[in-house]
Amino acid sequence: MEEDTENIDFQSRVRRRMLLRAGYDPMKSLDDLTPEELEAMSEKLLRRPQFDGKEPMVTFGSVFWLMAAIGTFYYFDIPVAIRADPNVDWTWTWISVFFFSVFAFIAGYFCIIANYILGVKSDDWESHIPGAIPVAASAFLLGSVFATVGLWGVWGWLTGPILFSQFMGLITIISFLP
């Protein structure tokens, strides 16, 4: 019985803290609020916080993936292994380079040309060129599969985790760009 009381007390404290953050006057009863005030308060409570320059951009996850990418890059000596290892299947590797290039071209078009030059916002990318995003996603997936097949002879079953950590490190670096 005592645990239930503590749980209810904790829930009421959390609820009170959330209401105070949303601008609720504790001297006012919730029954006295108009529907517009309740709607505005619920919007404040449910709205996802936007980055306003005060929140840290560096999180545990970004540091983890960046360190994992650097560690695998250093430990497995990726550039030397790809250049010098005779077990690299260059046919599949060049096919993966082609598909990654298609993906990079489409991503570059949307992120630089469409966004900054043409003024198309990211919400309108699908209506701007409807087939580009599925083509880019397919190109990236095919490039990933072909890169894994092409480099399988070098690292074996570790190829997937190595390439995944490199991809996540790249995404983390890109997320730091303006």
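Every heavy atom of this structure was used, including side-chain atoms; hydrogens, water molecules and symmetry mates were not. This is a predicted model, so every value here is computed, not measured.
For the atom pair Leu163 CG and Leu158 CG, the distance stands at 10.5 Å (nearest 0.5 Å). Rounded to the nearest 0.5 Å, atoms CG (Asp124) and CG (Leu118) are 12.0 Å apart. Rounded to the nearest 0.5 Å, atoms OG1 (Thr72) and CD1 (Ile78) are 5.0 Å apart. In this structure, the separation between CZ on Phe146 and CG on Leu151 is 13.5 Å, given to the nearest 0.5 Å.
Ile113 and Ile133 fall within the same hydrophobic cluster, where Ile, Leu, Val, Met, Phe, Trp and Tyr residues are linked whenever their side-chain heavy atoms come under 4.5 Å apart, directly or through other members. At a threshold of 4.5 Å between side-chain heavy atoms, the hydrophobic network of Ile, Leu, Val, Met, Phe, Trp and Tyr places Phe99 and Phe105 in one connected group. Ile95 and Val88 fall into different hydrophobic clusters, where Ile, Leu, Val, Met, Phe, Trp and Tyr residues are linked whenever their side-chain heavy atoms come under 4.5 Å apart, directly or through other members. Using a 4.5 Å cut-off between side-chain heavy atoms of Ile, Leu, Val, Met, Phe, Trp and Tyr, with links allowed through other members, Ile173 and Ile70 fall into the same hydrophobic cluster. Following chains of ILVMFWY side-chain contacts shorter than 4.5 Å, one cannot reach Phe64 starting from Tyr74, and the two form parts of different hydrophobic clusters.
Side-chain contact between Tyr116 and Cys111: absent, with no pair of heavy atoms (C-beta onward) separated by less than 4.5 Å. Counting heavy atoms from C-beta on, the side chains of Thr159 and Val154 never come closer than 4.5 Å. Between Ser62 and Phe176, some side-chain heavy-atom pair lies under the 4.5 Å cut-off. Two residues are said to be in side-chain contact when any heavy atoms from C-beta on lie closer than 4.5 Å; Phe110 and His128 meet this criterion.
For Phe140, the ring pair (Phe, Tyr, Trp, His ring centres under 6.0 Å) test picks out Phe100, Phe103, Phe167, with sequence neighbours left out. Looking at residues two or more places apart in sequence or on another chain, you find a ring pair (Phe, Tyr, Trp, His ring centres under 6.0 Å) between Phe164 and Trp65. Legend: residues meeting ring pair (Phe, Tyr, Trp, His ring centres under 6.0 Å) with Tyr109, ordered by chain and number and at least two apart, are absent.
Within the structure, side chain to side chain donor-acceptor pair (under 3.5 Å) contacts touching residues 80-96 (residues at least two apart or in different chains) are Asp85-Asn87, Asp89-Trp92. Listed by first and then second residue, the side chain to side chain donor-acceptor pair (under 3.5 Å) pairs that reach into residues 139-152 come to none, sequence neighbours excluded.
Grouped with Leu141 in a hydrophobic cluster is no other residue, since no side-chain heavy-atom contact under 4.5 Å to another Ile, Leu, Val, Met, Phe, Trp or Tyr is found.
Between Ala69 and Gly169, the closest heavy-atom pair is CB-CA, 3.6 Å. The two residues Lys121 and Asn115 make their nearest non-hydrogen contact at CA-OD1, 4.3 Å.
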